[in-house]
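So the structure is just underneath, and the comments pick up after that.
Just so you know, residue 1 is the first one in the sequence shown, and it goes up from there. All of these numbers come straight from a predicted model, not from anything done at the bench.
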Amino acid sequence: MTVAIRLAGETDLPVLRRIEVAAGKAFAEIGMDEVAGDEGLPEEQLRAYQQDGRAWVATDAADHPAAYVLADVVDGNAHIEQVSVDPDHAHQRIGQALIDQVGRWARERGHPALTLTTFVEVAWNLPYYERLGFRRLTTAEVTPGLRTIRDHEASLGLDRWPRCCMLRAL
């Protein structure tokens, strides 16, 4: 599938929620039912990213979203808040293309790196991001903003499974 990447529009927001929920279902297959049952980000939160120009979609030839990515700025770095690919479009390097888009956006704004948090023991998380050039941060390298994100994730119960912070220099 040939994809185009563009900024998300208002009409994309309900589709983004559906993509996140569909992508999350894979976690049930590895015993992470709570993650699989997540309803996705609320539309109001997605709208804030969209209106601020920090939400991109990868679309098919008919301009229907197949995946999306959200970015924040955390401690001077661009932070991948969420990347989700519709399972019907998985294994086509769409997630990588979206992450590269955030990298271009970050470089244009002078951010030196991309960061993210992820599950350590999920095959399509940590090993995937390592293949994309991210490295796991040591405890000493975790910045205050990333620590705040990790604390929030822990409050949601996500620390039931090992998680880490990662960085890719730009």
Side-chain angles (χ1 to χ4, degrees), residues 3-9 12-13 16-17 19-20 23-24 26-27 32 35 38 40-41 45-59 65-87 89-156 158-159 161-170:
V3 298
I5 296 176
R6 63 169 171 76
L7 286 168
D12 296 322
L13 301 180
L16 303 188
R17 289 196 79 209
I19 289 170
E20 185 175 351
F27 287 96
M32 297 172 70
V35 176
D38 186 66
L41 293 173
Q45 200 171 348
L46 291 169
R47 184 172 291 108
Y49 282 97
Q50 179 263 325
Q51 290 178 343
D52 200 36
R54 296 179 293 118
W56 294 266
V57 292
T59 61
Y68 76 96
V69 66
L70 306 175
D72 284 321
V73 176
V74 177
D75 299 324
N77 293 313
H79 180 77
I80 308 259
E81 169 56 30
Q82 179 68 35
V83 60
S84 292
V85 177
D86 185 306
H89 300 284
H91 310 294
Q92 299 178 40
R93 300 180 190 231
I94 297 170
Q96 178 180 350
L98 286 166
I99 290 168
D100 289 345
Q101 172 61 43
V102 176
R104 287 188 293 277
W105 174 84
R107 276 191 298 279
E108 289 170 4
R109 283 154 185 76
H111 302 298
L114 297 178
T115 61
L116 57 83
T117 63
T118 195
F119 292 107
V120 172
E121 298 173 350
V122 175
W124 62 88
N125 278 190
L126 182 119
Y128 172 74
Y129 294 120
E130 287 177 331
R131 287 191 302 274
L132 297 183
F134 286 84
R135 68 174 180 81
R136 191 172 176 172
L137 295 177
T138 66
T139 302
E141 293 175 303
V142 174
T143 62
L146 289 174
R147 201 167 297 112
T148 298
I149 290 169
R150 288 290 298 114
D151 289 346
H152 176 69
E153 292 171 348
S155 76
L156 297 174
L158 294 177
D159 276 6
W161 306 276
R163 290 184 64 76
C164 71
C165 298
M166 300 187 82
L167 178 138
R168 181 173 93 183
L170 295 176

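- Of all heavy-atom pairs between His79 and Leu116, the closest is CE1-CA, 3.4 Å.
- Not counting sequence neighbours, the partners of Asp159 by the salt bridge (Lys or Arg N to Asp or Glu O under 4.0 Å) test are Arg150.
- Applying the side-chain hydrogen bond (donor to acceptor under 3.5 Å, both in side chains) rule to Glu81 yields no partners; only residues at least two apart in sequence or on another chain are considered.
- Remark: Arg93 pairs with Gln96 by the side-chain contact (heavy atoms from CB on, under 4.5 Å) rule, at least two apart or across chains.
- Legend: residues meeting side-chain hydrogen bond (donor to acceptor under 3.5 Å, both in side chains) with Gln50, ordered by chain and number and at least two apart, are absent.
- Residues passing the side-chain contact (heavy atoms from CB on, under 4.5 Å) test with Val69 are Trp56, Ile80, Val83, Leu98, Val102, sequence neighbours excluded.
- Annotation: the span from Glu153 atom CD to Leu146 atom CG amounts to 9.5 Å, rounded to 0.5 Å.
- Checked against salt bridge (Lys or Arg N to Asp or Glu O under 4.0 Å), Arg104 has no partners two or more places apart in sequence or in another chain.
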Atom pairs and distances, donor-acceptor, side-chain atoms in residues 107-114, under 3.5 Å, two or more places apart:
{"unit_1": "Arg109", "atom_1": "NH1", "unit_2": "Trp105", "atom_2": "O", "d": "3.1"}
{"unit_1": "His111", "atom_1": "ND1", "unit_2": "Gly76", "atom_2": "O", "d": "2.9"}

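- Residues meeting the side-chain contact (heavy atoms from CB on, under 4.5 Å) test with Asp75, sequence neighbours left out: Thr143, Pro144.
- For residues 119-132, the pairs satisfying side-chain hydrogen bond (donor to acceptor under 3.5 Å, both in side chains) are Thr118-Asn125, with sequence neighbours left out.
- Within the structure, the salt bridge (Lys or Arg N to Asp or Glu O under 4.0 Å) test picks out the following pairs touching residues 139-148 (sequence neighbours left out): Arg135-Glu141.
- From Thr117, atom OG1 reaches atom NE2 of His152 across 10.0 Å, with rounding to the nearest 0.5 Å.
- Checked against salt bridge (Lys or Arg N to Asp or Glu O under 4.0 Å), Arg47 has the following partners two or more places apart in sequence or in another chain: Glu10, Glu43.
- When atom types are taken as modelled, the side chain of Asp38 and the backbone of Val35 share no donor-acceptor pair closer than 3.5 angstrom.
- With sequence neighbours excluded, the residues that form a salt bridge (Lys or Arg N to Asp or Glu O under 4.0 Å) with Arg54 are Asp52, Asp72.
- Between Leu137 and Cys164, every side-chain heavy-atom pair lies at or beyond the 4.5 Å cut-off.
- Leu132 CG to Asp100 CG: the interatomic distance, rounded to the nearest 0.5 Å, is 7.5 Å.
- Gln82 and Ser84 form a side-chain donor-acceptor contact under 3.5 Å, judged by distance and modelled atom types alone.
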